[in-house]
Amino acid sequence: MTDLSQVPPRLKRDVGLLPLFMVSAGSVIGSGWLLGALNASIAAGPASIISWAIGAILLIGIALTYAELGSTYPISGGTARFTWIHTGTLGGFFAGTFSYLQAVAIAPIEVEASLGYVDGKWTWFGLVNSKGLLTGKGLVVAVLAMFLFMGINLAGVKWMAEGNTIAMIWKIGVPVLTIIFIVAHSFHGSNFHAGGGFMPFGVKGVLVALPLGVIFALEGFEQAAQLAGEARNPRRDVPIAVVGSMLLGAALYMALQVTFIGAVNPHNVAHNWLTPFGAGTGNFGPYYSLATAAGLGWLGWILIIDAVISPGGTGLVYLAGTSRLSYSLARIRFLPPVFATIDRRGVPWFSILFGGVFGCFLFLPFGGWAKLVGAITAASSFMYSFAPVAAISLRKSDPDRERPYRVPGLPVIAPISFAVSGLIIYWSGTTNLVKLDLAVVFFLILYVIARMVDPSQAPIDFGAGVFCVPWIVGLTIFSIFGGSYVGGYPSVFGIKINHHLPFWWDIGSIAVFSFIVFYFAVNTRLGPERVNTNVLEAVADAHQEDLDLGIGEPA
């Protein structure tokens, strides 16, 4: 009989369906609802409604693939390990790096959004300066918020999930209340064709709005897959949580965008949508401004409170997801073993502390909310692009494993979703993409050094993961030569680029390029024997109940 006192602490399966759903929904409904509609309107005018619809359509295929992967392989930090299972070390490194980069930055962004929103109302707090950056006082408050997130996460996954569930009741209720009362008190149908018509900036404006907050707002549905290793019934609950939270967020954001367009003062948008609140006025706190303009002062106060609770809840969840990612990366030896250390509460304590402290460094003056969103959108889209490849590859290399949820039409949905990810990365702009490339190169150097220090690590699976290199480099080249969307460079290394790919031609070219890379990636995957070995290693820290589920059994 096993001496349980000698068994090292492990992750606990404490999260039920409702908390798991709320974890994903809580990640989707954050600062995006407070700020996304304003940025989308400036970029696309009334046609920003279409931007939200397109964003939801583009991401639903990716959400479906995560539903299949998370229910079939319910392991913590899945976005880092799904790719590792079918590509090995090299592909796993790139997937893990992009996953961690996007996740670790979300909590600081949400905190900045909260402080900026509150400071827009009470400027005497002095939390944010005129450039949207944190002041010394704001930095202290932001760091304290991160330490609060760390404390709640260290208390255990059940505390985190249940605390988030309570916050979600508020986070859903306030936007619904905002829609109902603002529409009832201030709605101008003429705004939908003002300032140059329904689509004043054309189709390109609709697409430009996507990386300016639309995609960022809709992201986060994958958090249920990140915590699948701690779900009580992952086979049933993960698909419901992933897809359900995505649909809920999309419906809510589209309704909020309609509300915003109809509620702004018609005089301010009679000629264009560049200053929906009038020239020389602050654009932070858009729904607060609309509520007070409509005489709903009480709603304005609720919105100020929500500016703390809504982004705060998202930051709390993302710190949990970040810690599971670094835990997962340590399990496959991309990070030192200490990141995989579990305490008696069943949480990766060092990963939680590291993620929180790392996030604090992102409060340094790298840019305000809007600038950071573009870079994070690109990182998230790179992370998302690996899921469709994993879903198809694992069906081929691990075909006999039971799949509680199977995406219908996956052979069609997967390559399209991969191409969609490439387009979103491209629309994020050259500036954001180059910054992201430099961050990946930095992590790659660290990884090479780590392998030199520890030569006992498994060989690099170059053949199965090499598709990542042309994927990253190719999209960067397309971004440079394909024209300016968000922060495009007019020149590269001092050489002016005069011949951009025309609009539509660039989209078609990236689609073709994406399909080529996708099928190359699938055809260079690891074989069944290696995949099954990797699955067994991925659940080596499983409980007996995991084995009873068949998660760790050979296919």
Side-chain angles (χ1 to χ4, degrees), residues 14-37 52 55-56 58-60 62-67 70-71 74 78-79 102-103 106-107 109-110 113-114 149 152-153 157-179 213-228 230-234 236-257 306-322 324 376 380 384 405:
D14 279 343
V15 185
L17 173 58
L18 180 61
L20 196 67
F21 175 86
M22 290 300 192
V23 162
S24 274
S27 299
V28 174
I29 304 172
S31 62
W33 94 263
L34 294 168
L35 306 170
W52 289 99
L58 294 181
L59 291 179
I60 190 62
I62 296 170
L64 290 172
T65 60
Y66 272 120
S71 60
T79 59
Q102 65 87 31
I106 298 296
I109 286 178
E110 297 297 315
S114 290
F149 295 162
I152 296 174
N153 271 280
V157 68
K158 189 174 182 180
W159 274 84
M160 183 281 298
E162 292 183 352
N164 176 70
T165 299
I166 296 172
M168 273 303 300
I169 297 172
W170 170 279
K171 289 173 67 174
I172 294 173
V174 171
V176 171
L177 202 66
T178 300
I179 293 167
V214 171
I215 296 297
F216 173 81
L218 292 170
E219 292 172 347
F221 49 82
E222 78 284 353
Q223 289 303 312
Q226 301 284 43
L227 296 177
E230 293 154 274
R232 290 176 191 159
N233 188 355
R236 180 200 66 183
D237 297 350
V238 170
I240 295 173
V242 170
V243 178
S245 62
M246 169 72 197
L247 296 176
L248 171 66
L252 188 61
Y253 282 128
M254 288 185 68
L256 284 163
Q257 187 68 59
D306 186 71
V308 176
I309 295 177
S310 190
T314 301
L316 173 68
V317 169
Y318 261 96
L319 181 57
T322 300
R324 271 57 179 184
I376 299 308
S380 299
Y384 287 152
Y405 172 76

Is it true that a side-chain atom of [X] and a backbone atom of [Y] form a donor plus acceptor pair closer than 3.5 Å?
| X | Y | result |
| --- | --- | --- |
| Thr314 | Ile29 | yes |
| Asp306 | Lys171 | no |
| Ser380 | Gln102 | no |
| Ser245 | Val242 | yes |
| Ser114 | Ala307 | yes |
| Thr322 | Ala103 | yes |

Got [X] and [Y] here, is their nearest side-chain heavy-atom distance under 4.5 Å?
| X | Y | result |
| --- | --- | --- |
| Phe221 | Ile62 | yes |
| Val243 | Leu64 | yes |
| Thr65 | Tyr384 | no |

Provide the closest heavy-atom pair for [X] versus [Y] in the form atom of the first, atom of the second, distance.
| X | Y | value |
| --- | --- | --- |
| Gln223 | Gly321 | OE1-CA, 3.5 Å |
| Gly36 | Trp52 | C-CZ2, 4.0 Å |
| Pro175 | Trp170 | CD-O, 4.3 Å |
| Ala224 | Ala241 | CB-CB, 3.6 Å |
| Phe216 | Glu110 | CZ-OE2, 3.6 Å |

Please tabulate, for side-chain N and O atoms in residues 247-256, each donor-acceptor pair with protein atoms closer than 3.5 Å (sequence neighbours left out).
from, atom 1, to, atom 2, distance (Å)
Tyr253, OH, Val28, O, 2.5

Gap between atom [atom2] of [Y] and atom [atom1] of [X] - 0.5 Å precision:
| X | Y | atom1 | atom2 | answer |
| --- | --- | --- | --- | --- |
| Ile240 | Phe21 | CD1 | CZ | 9.5 Å |
| Arg324 | Thr79 | CZ | OG1 | 13.0 Å |
| Arg236 | Leu20 | CZ | CG | 10.0 Å |
| Leu218 | Ile60 | CG | CD1 | 10.0 Å |
| Asn233 | Leu17 | CG | CG | 8.5 Å |

